[in-house]
Amino acid sequence: MEDLTITRLTGRDLKNWGHLPGPQFPDLLGRANRMQDDGVDVADIRAKLASEIPIPPEHIELHEDGAVTFDENLIPADADEEKNLLKVRETMRAVMRTPTVIGGAIMPDACPAGPIGTIPVGGVVAAQNAIHPGMHSADICCSLMLTDLGDADSATVLDAASKVTHFGPGGRPQGQRFTVSLDLLDAFRANPFLNNAKTIRAAQEQMGTQGDGNHFLFVGRSRQTGHTTLITHHGSRGPGAKLYKAGMEVAEKYRRRHSPQTLKQNAWIPADSDDGRAYWDALQLIRKWTKTNHNSIHQATMEASGASAGERFWNEHNFVFRRGDIYLHGKGATPGWFGFAADADPQGRTIIPLNMAEPVLIVRGKDASHALGFSPHGAGRNWSRTEHMRRLGAKTANEALIEETVGLDVRFHAGKVDASELPSSYKPAAAVSAQIESLDLAEIVDWIDPYGCIMAGEMPRFVRRPKGRR
DNA sequence: ATGTAC
């Protein structure tokens, strides 16, 4: 005789049918049981609920190793540079496996940054319909701005700048803050990636600040015009760092769902999603804030020195640029095609610094296809900070500074010489200049010979407090 | 890069 006992449906049955546990699960099971109580056949119940089985997330596989290639625009000059190139190559090769990536390039100043598979400094990555927060660097919109100050006295300008600019961590003290447009702050509040109390506060407190590391304020003289020239280098400071973090978090959610094989640092936000559109908008707002940051320091320096401004232009070298549906990520790479930004120099000029003792190059990019349209952003480093200290040997940072910056007025805001910013810490400037031209990346149209500069200077190393104690 | 995870 047939057994007519019907076992009551459980969550296990639903899972066997393909349903997934979640907030909707109790209701789903309740409905299944009620149908069963009403005498509905189990097969019919299963069929009735089938439309509620979630569609599994689409998984996107990595590219085969070597399937997507990148262009090398780097001529190593010695064993150190050979070693550097090998490391850059290895990390770039891993980056190229990212599913969204369709191409890449390295610049003459390329050097590794972070674990294998992280876009190097001096790296460019092209992705289709994807924004990779980890590929525009944490210092979103790190950039340079130049103002022609005519016949202003260089010493007067540098002294004035020393008084008005701000280096080091954090923002300006109360009473010395620069104003930030209320419209810009409102726009921050309207963007889901920027509508954060700490981001807004940092945007207010850190306007008119330059941070640390390789950021600088440089005064020099143009070979073309003979004019005194002010150049600043910094990025989006705290607000940008916060945006970077928020972007990485959202990208990580997509990565886990759709491409867990992709390296964490190469996670992306689909550009055509709501998240993608909001993140793109947030990048443009951070860019606007950064431009204002440069402008405010130039303006304050001019007012304090009595100089009047001639032409002014700027360019970012850590950013994402859109050409068609391709998103070009530059991490330490200068965009070199005409009109890379609506507010770029109408003459197509961009700014490439080398080191504190060398002229800053003014170039016109050649939109070289073998460089994805980019040129380098500086001289690049061959060694880590510790390796550089080792190579200085018995020489103190102060002695090295005196030796390497004869005739220049170099000031460290925090007082101590930062050895990692000395000229000897960078690749030979001449080699980078030569490669810009020999590799046909850009035309050098002017040189701003150094008078002097201000940098953050060495700061005491940050040590985190032991966990659980204060 | 950032007062370096709240």
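Note that these values count all heavy atoms, side chains included, but never hydrogens, waters or copies made by symmetry. A, B, ... follow the sequence lines: proteins, then strands. Residue 1 opens every chain.
- Judged purely by distance below 3.5 Å, without hydrogens or angles, the side chains of A/T290 and A/E316 never pair a donor atom with an acceptor atom.
- Geometric assessment of A/R255 against the ring of A/W268 yields a negative cation-pi assignment under the 6.0 Å and 45° thresholds.
- In this structure, the NZ atom of A/K331 is 9 Å from the P atom of B/dA1, given to the nearest Å.
- The separation between A/L283 atom CG and B/dA1 atom C1' is 15 Å, rounded to whole Å.
- Because its NZ or CZ atom is both nearer than 6.0 Å to the ring centre of A/F178 and within 45° of the ring axis, A/R172 counts as a cation-pi partner of that residue.
- Separating the CE atom of A/M459 from the P atom of B/dA1 is a distance of 11 Å, rounded to the nearest angstrom.
- Atom NZ of A/K245 is separated from atom P of B/dG3 by 10 Å (rounded to the nearest Å).
- Looking at heavy-atom distances under 4.0 Å, A/N318 makes no contact with the nucleic acid at all.
- Relative to the side chain of A/A138, the nucleotides B/dG3, B/dT2, B/dA1 differ in distance, and B/dA1 lies closest.
- Phosphate proximity of B/dG3 to A/Q206: present, with a side-chain N or O under 4.0 Å from OP1 or OP2.
- For A/K198, the side-chain atoms get nearest to B/dC6 when compared with the rest of B/dT2, B/dC6, B/dA1.
- Between A/I140 and A/L283, the shortest heavy-atom distance links the atoms CG2-CD2, 3.8 Å.
- Protein atom NE2 of A/H166 is 12 Å distant from nucleotide atom P of B/dT2, rounded to whole Å.
- The distance between atom CD of A/E249 and atom P of B/dC6, rounded to the nearest whole Å, is 9 Å.
- Within the 6.0 Å centre-distance limit, the rings of A/F319 and A/F321 are counted as a close aromatic pair.
- Here the options are A/V360, A/I231, A/L230, the test is side chain to side chain contact (heavy atoms under 4.5 Å, CB included), and the partner is A/L146; only A/I231 passes.
- For A/H215, the listed nucleotide lying nearest its side chain is B/dA1; candidates were B/dA1, B/dA5, B/dG3.
- Here the C1' atom of nucleotide B/dT2 and the CD1 atom of A/I286 are 13 Å apart, to the nearest Å.
- With A/H317 as reference, A/H377 is the one residue of A/H136, A/H377, A/H329 to meet the ring pair (Phe, Tyr, Trp, His ring centres under 6.0 Å) rule.
- Remark: A/R237, A/A241 in residues 234-244 of chain A come within less than 4.0 Å of DNA chain B through at least one heavy atom.
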